[in-house]
Amino acid sequence: MRVRPHRKRPFRPSLSKSLSKTLSGIGNFSAGFDKAFDKVAKSLSLEEFRHDVVDGLSRPAKSIPCKYLYDEAGARLFDAICDLEEYYPTRTETAILRRNIREIAALLGPRCTLVEPGSGAGSKTRLLLDHLDSPEAYVPIDVADRQLLECSARLAADYPLLKVSPVCADYTHDFELPPLSFGSQRTIAVFLGSTIGNFEPQEAGEFLQRLARLCGNEGGLLIGVDLKKDPPILHRAYNDAQGVTAAFNLNLLGRINRDLAGRLEGSLFRHEAFYNERAGRIEMHLVSRLAQGIRIGSDEFLLAEGESIRTEHSYKYTRGEFLQLAADAGLEVKRCWTDQREWFSVHYLAPFQRDLPAQQGWKKSCVRPVPKESFLWGARFHRPTKSEVTKENL
Ligand code: AVI
């Protein structure tokens with residue numbers, strides 16, 4: 001329950017002007033690194049952070065958007081999660097990429113520009129860059145500005161022929177991209193790590209549409225998707241024995257204290273993550289150990305004992321569900337690779353219609369007619385007909 005009434009402001013900033021910062025050290029990034037770093041503004045303003053936290057805590061079911069888990073400490077903790085024995089997605093996806101890298105490189109084609117929202121530590125990018133035929137440019141996009149710039153500097157040094165153009169932005173909003181006319185043949189969006197699962201299904205569809213527009217008719221999208229599996233495996237992955245995921249979750253409280261003059265006591269919360277089978281998602285929460293009042297600047301909220309703040313959803317898909325999500329966004333699954341246990345999948349998607357003028361991007365008209373509809377997770381999904389589900393794309 002929220003104690004002090006707070007005036008709700010209509011707050012929908014266009015990040016394209018105010019918050020996203022594009023660096024321009026293309027081609028010689030490492031030399032201008034320090035200067036460039038100074039020039040980068042925080043990609044998420046404190047004002048927006050405060051608004052989202054206050055808004056989320058004012059709701060009957062309290063929540064904070066999961067993007068705020070990734071400050072510098074959060075990004076490092078997430079990297080540590082990726083190395084955990086229990087957290088299978090990173091390992092499994094990397095193995096899929098390694099096993100199929102030649103075929104992937106052939107599909108992506110020569111002289112492409114890679115655009116990678118949420119580029120993080122960028123380790124899988126190197127695997128791609130090592131195998132692609134003369135990649136032209138790499139555009140990593142991330143909110144964790146220091147990590148983004150450090151990785152970009154290292155890549156620029158290691159791949160001297162590659163134009164590296166980092167963009168510090170919250171890719172869940174519209175953001176400004178550097179001109180993508182690097183002389184490359186096509187734009188390929190890379191969205192690995194199953195981050196698509198952190199969007200609500202409807203948002204995931206909208207995000208895929210934006211990526212489709214970004215890539216245009218000649219381009220494509222390489223995306224990693226975590227698959228539905230036995231709940232105990234999922235439970236272990238988000239409740240590791242060393243407590244790294246718990247630290248990652250609880251770190252959000254420290255960030256609120258630091259950036260928003262919050263007064264939250266970490267020891268009064270516990271990490272909780274469970275698989276919600278009906279919704280097909282892992283839910284991560286911070287649960288209050290006792291009834292308490294929490295202050296964030298001048299706002300105060302009451303939490304009952306056991307009441308939780310939801311900090312993340314991580315949706316898991318079947319291959320058919322993801323095929324449908326992509327189809328609704330105007331994208332066709334050209335190829336899908338998976339591991340033997342079918343725990344994880346990597347898809348190569350391309351727009352359905354290849355004859356639209358470049359830059360025109362996705363249009364309603366290029367989505368297949370919807371013969372049947374079903375309702376899953378409250379979002380509209382098109383159930384593919386038999387003829388759409390070919391062996392090749394499943
Ligand atoms: C980034 N994302 C795909 C991770 C996931 O699995 O949903 C974030 C994460 N949260 C807890 N562990 C990992």
Side-chain angles (χ1 to χ4, degrees), residues 63-94 96-97 116-125 140-144 147-148 151 170-172 190-201 203-204 207-208 211 222-229 231-253 255 269-276 279-287 308-317 322 325 339 343-347 377:
S63 65
I64 297 176
C66 65
K67 64 185 176 187
Y68 296 113
L69 292 165
Y70 300 88
D71 61 350
E72 256 183 76
R76 297 223 149 80
L77 284 163
F78 178 65
D79 287 347
I81 289 175
C82 292
D83 291 337
L84 291 170
E85 191 270 317
E86 295 98 325
Y87 193 73
Y88 63 85
T90 315
R91 232 185 8 261
T92 312
E93 184 183 58
T94 305
I96 294 170
L97 290 171
E116 187 173 18
S119 46
S123 43
K124 288 166 212 152
T125 316
I141 305 166
D142 212 302
V143 282
Q147 188 184 46
L148 171 77
C151 292
D170 171 6
Y171 64 82
T172 62
V190 179
F191 200 54
L192 297 170
S194 69
T195 307
I196 194 70
N198 296 134
F199 290 83
E200 294 304 311
E203 292 168 0
F207 183 66
L208 290 180
L211 291 184
L222 188 69
I223 185 165
V225 181
D226 198 11
L227 297 175
K228 284 192 166 139
K229 57 187 65 63
I233 300 164
L234 291 166
H235 183 88
R236 257 168 49 86
Y238 292 83
N239 292 280
D240 64 279
Q242 290 176 57
V244 184
T245 311
F248 171 66
N249 196 8
L250 288 158
N251 175 60
L252 180 58
L253 301 174
R255 182 179 189 182
F269 289 86
R270 64 179 169 76
H271 159 79
E272 188 173 289
F274 59 88
Y275 185 59
N276 177 337
R281 67 187 182 215
I282 283 281
E283 294 188 14
M284 198 162 80
H285 295 258
L286 288 166
V287 182
S308 79
I309 304 169
R310 195 245 298 151
T311 51
E312 188 178 68
H313 279 166
S314 190
Y315 283 87
K316 311 299 169 189
Y317 290 90
F322 185 71
L325 188 71
D339 56 300
W343 280 9
F344 201 93
S345 57
V346 175
H347 300 251
W377 312 307

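Just so you know, ligand 1 is whichever comes first in the structure, and atom 1 is the first atom listed for that ligand. Residues take their numbers from the sequence shown, with the count starting at 1. Just so you know, these numbers use all the heavy atoms, side chains as well, and skip hydrogens, waters and symmetry mates.
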Asn276 side chain to Arg281 main-chain N or O, any donor-acceptor pair under 3.5 Å? no

Who's the nearest protein heavy-atom neighbour of atom 2 (N) of ligand 1, and how far? Asn198 OD1, 2.9 Å

One finds that the ligand 1 atoms under 4.0 Å from a non-hydrogen atom of Tyr70 are 1 (C), 8 (C)

Atom 8 (C) of ligand 1 sits nearest the protein heavy atom Glu312 OE2, 3.3 Å

Any idea which part of Tyr88 is under 4.0 Å from ligand 1, heavy-atom wise: side chain, backbone, both or neither? neither

Please check if any side-chain donor atom of Lys316 sits under 3.5 Å from a side-chain acceptor atom of Tyr275, or the reverse. no

Mutual orientation of the aromatic rings belonging to Trp343 and Tyr88 [parallel < 30°, tilted 30-60°, perpendicular > 60°]: perpendicular

Could you tell me which atoms of ligand 1, counted from 1 in the order shown, lie closer than 4.0 angstrom to a heavy atom of Gly193? 3 (C)

So, 4.0 Å and heavy atoms of Ser194: is ligand 1 close enough to count as a contact? yes

Contact between Pro89 and ligand 1, counting heavy atoms under 4.0 Å? no

If we only count N/O pairs under 3.5 Å, is Tyr238 in contact with ligand 1? yes

Parallel, tilted or perpendicular, as decided by the 30° and 60° cut-offs, for the rings of Phe322 and His347: tilted

Hey, can you tell me if Tyr315 and Tyr317 have their rings parallel, tilted or perpendicular (30° and 60° cut-offs)? tilted

Does a donor on one side chain sit under 3.5 Å from an acceptor on the other, for Ser308 and Glu272? no

For ligand 1 and Ser314, I'd like to know whether there is a polar contact (N/O to N/O, distance under 3.5 Å). yes

Compute the minimum heavy-atom distance from Tyr315 to ligand 1 and say whether it is under 4.0 Å. no

Is a side-chain N or O of Asn198 found less than 3.5 angstrom from the main chain of Glu312, in a donor-acceptor match? no

For atom 4 (C) of ligand 1, what is the closest protein heavy atom, and at what distance to 0.1 Å? Tyr87 OH, 3.3 Å

Side-chain donor-acceptor pairs under 3.5 Å in residues 75-86, sequence neighbours left out?
| from | atom 1 | to | atom 2 | distance (Å) |
| --- | --- | --- | --- | --- |
| Asp79 | OD2 | Gln147 | NE2 | 2.9 |
| Glu85 | OE1 | Arg236 | NH2 | 3.4 |
| Glu86 | OE2 | Ala241 | N | 2.8 |

